[in-house]
**Q** 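Following this message is one structure expressed as structure tokens.
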Amino acid sequence: MSNATLRVALLIVSTTAARDPSTDASQAALRSVLKEEGDGRWELVDTKIVPDVVPQIQQQVMLWTDVVAETFNLILTTGGTGFAVADNTPEAVSALIHKPAPGLVHGMLTASLNVTPFAMMSRPVAGIRNRSIIITLPGSPKGARENLQAVLKTLPHACLQAAGMDSRSLHVGGIKKLEAEAGIKSSGGHSHSHDHHHAHGNNHPPSHNHGHGHGHSHGHGHLVRHTAPSTNPLSNDPSLGPSRRNRESPYPMLSVDDALSKIKDHTPLPEAVTLKVDRSLPGHVLAENVQARENVPAFRASIVDGYAVVVPSDGNLKGVFPVVSVSHASPGEVQPLKEGEIARITTGAPLPPGATSVIMVEDTILKTMTDDGKEEKEVEILADKVKEGENIREVGSDIKTGTVILSKGEQISAVGGEIGLLAAVGVAEVKAYRKPVIGVLSTGDEIVQHDRPGDLRLGEVRDTNRITLMTAAKECGYEVVDLGITADKPGTLEETLRDALRRVDFIITTGGVSMGELDLLKPTIERSLGGTIHFGRVAMKPGKPTTFATVPVKDNSGERVTKVIFSLPGNPASAIVTFHLFVLPSLHQMSGISPAGLTRVPVRLVHDFVLDKTRPEYHRAIVSVGKDGNLLAASTGGQRSSKVGSLRGANCLLCMPSGKEPLKKGSKVDALLMGGIRSEL
Ligand code: AMP
Ligand code: MG
């Protein structure tokens, strides 16, 4: 048996430890088990801490399992395996596992149950992803230690096999030899009947040399994960031709809600960047609280046109006063004012030092002018009972320096309020979430540029989706890159997507996700790009083959990042409906916008609606406000998924249930608002 060192990564899953790493005790416990009971086989190469957040757990595990150059043999997680609401580790990990290893789970539970019946409260999972074994250990140092001890001796063998080591050489000598090597004994005399299945024929070296022989990058050096074909992708292998393709989609049919929760779990979290406060800021969400840098107003200012005065102790200002100076709303020195003098002042102008109040011009009479008749010399004031501070805005009376003016998570709207607030208090830069850059690609041999002159040849179709989705994405505030049209050829599609993954954060494709032999999106994402397809079928109308995938990629600075691919159906109505329903929530999540997705409002139907018998339908419709203030909805007409015209005028998607009978006029359903609501038609 090979004595190579096996690489271990440890993920501490704990919201508390993520905040304060000093609270974690499991790491030390596990480290000592690996060291003292691991026969020198294990090297703990990396340790990370994440909170109990499914996407964060998954992202970290995938960085360890999917990046070929640095594959780990064993990924241990500790924490989050119990029954508490926040305990999510088994769910996060099991979604990543390609091959479950229930034997390891039994091993751990059996050992722990011998110690305490409370072991029943642990929900461990174990299995293989790519070439790594993943095991979830409980969070308590004692539990984690016992569970690891229970399986540790068998793990070197399992890890080497999972890493692709030639199993024939691993098994020379049989089970007895394996047990002897591992320093363990089978409890019964039945080990000869032990049923071992080993994949023969893959002659990869063990992974300690960091190479699986398939870590190529086609000369681009950016995509870092290449799932071996043996990790059982569900998609067709296009090289096998039409006769061998799946005749029914192997992807489980998800409900819309389940699809949305997959999107939530697998869309990358937003990334905070520093942005200038300018016209491109609206639409962004703040990544931290913003404090006023300055007082507003920054100086004592008059709120009326009139005369600055020094109020005498009795408040009586009736009388004639000399006008000694003028303060306009413009920067510069202002002369001090004494009791018995007045200064003409305009709205917003700084008060002369010493002035304590402002008398409105309406409460005065001009008494005398200068000899040239151009200036006021004396003015009579008609006010008594004047108080100090009248008609004055004090320094910081609107906003004081240091006040939180906008909070983390708030979106800067384009209607103007927030941007003006930032401008007023002298904030020129803010930390906000970066918005993903979106690439839009049409696929299909039949698709031609929408504006190609001349008539169509038989079979040609004008590209409707690309321009539709690009404009929709732009309207939603995103920068869009036009990825053009690509043919239904595996190599071409792969090249186009690889190139796109270098240029954009988020790819939307249309076409090629149905069941035809030229439907290449799923196989290309899964088999060529090493992406993970989180769903490939949704129970809905239109949009059944909608596909959501993520691909781990190294960005230009060598950082590992996750990019998103949505492959939408080719039919134009399906493409735009699924954009609003699925793509938008993902874009929102990546931009920090919460809640993500379209706003949902209850509406009343103004006519009967025929329902689909089996699938819920997203019906393009027009919502308006009725005379009684209720929201009313009318269909835009024919809803077939190929119907280009069904979105004309639509400002919402009605969430229609499936059903045999029509839904009657007057029924209430939910509408997802895509655009503004109109007055009644
Ligand atoms: P597919 O999803 O590739 O099976 O395509 C389903 C239908 O949508 C076919 O009739 C395609 O011709 C049509 N289609 C695909 N892409 C586009 C597009 N970009 N613009 C208009 N129609 C399309
Ligand atoms: Mg097609």
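Atoms within each ligand, like the ligands themselves, are counted from 1 in listed order. Counting from 1, the numbers follow the sequence of the chain as shown.
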**Q** Go through the steps to decide whether D505 and R434 satisfy the test salt bridge (charged side-chain N to carboxylate O under 4.0 Å, His left out), and finish with yes or no.
**A** CA-CA 11 Å; D505 308 298; R434 191 169 77 79; 3.0 Å; yes

**Q** Of all the atoms in ligand 1, which lie at a distance below 4.0 Å from a heavy atom belonging to S514?
**A**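 In order of numbering, the contacting atoms are 1 (P), 2 (O), 4 (O).
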
**Q** Could you list which atoms of ligand 1 come closer than 4.0 Å to a heavy atom of D463?
**A** 18 (C), 19 (N), 20 (N)

**Q** With heavy atoms of E446 as the reference, note each atom of ligand 1 found under 4.0 Å away.
**A**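 Per the distance check, 11 (C), 12 (O).
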
**Q** Check ligand 1 against N571 and write out every atom of the ligand that is under 4.0 Å from a heavy-atom position of the residue.
**A** 6 (C), 7 (C), 8 (O)

**Q** Which atoms of ligand 1 have any heavy atom of S442 under 4.0 Å away?
**A**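 What qualifies from ligand 1 is 19 (N).
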
**Q** Measure centre to centre between the rings of F566 and F579, then say whether the value is under 6.0 Å.
**A**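 Aromatic pair excluded; centres sit 6.0 Å or further apart.
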
**Q** Show me which atoms of ligand 1 lie under 4.0 Å from any heavy atom of T464.
**A** 18 (C), 19 (N), 20 (N), 21 (C)

**Q** Please confirm whether Y433 and H284 have ring centers closer than 6.0 angstrom.
**A** no

**Q** Is the closest side-chain donor-acceptor distance between T89 and T77 under 3.5 Å?
**A**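 Per modelled atom types, T89 and T77 side chains form no pair under 3.5 Å.
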
**Q** Mark up the atoms of ligand 1 that fall under 4.0 Å of a heavy atom belonging to R462, in ascending order.
**A** 20 (N), 21 (C)

**Q** Using side-chain hydrogen bond (donor to acceptor under 3.5 Å, both in side chains) as the criterion, point out the one residue from T509, T546, T547 that pairs with S567.
**A**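 Result for side-chain hydrogen bond (donor to acceptor under 3.5 Å, both in side chains) with S567: T509.
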
**Q** For the 3.5 Å polar cut-off, considering only N or O atoms, please tell me whether G512 and ligand 1 meet it.
**A** yes

**Q** Considering residues, nucleotides and ligands other than I467, do more than 12 of their heavy atoms fall under 6.0 Å from its CD1?
**A**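 Open: at most 12 neighbouring heavy atoms sit under 6.0 Å from CD1 of I467.
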
**Q** Charged N to carboxylate O under 4.0 angstrom, D555 versus R502?
**A**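 So D555 does not pair with R502 through a salt bridge.
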
**Q** Hey, which atoms in ligand 1 end up nearer than 4.0 Å to a heavy atom of V461?
**A**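 Once the distances to V461 are compared, the set is 12 (O), 21 (C), 22 (N).
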
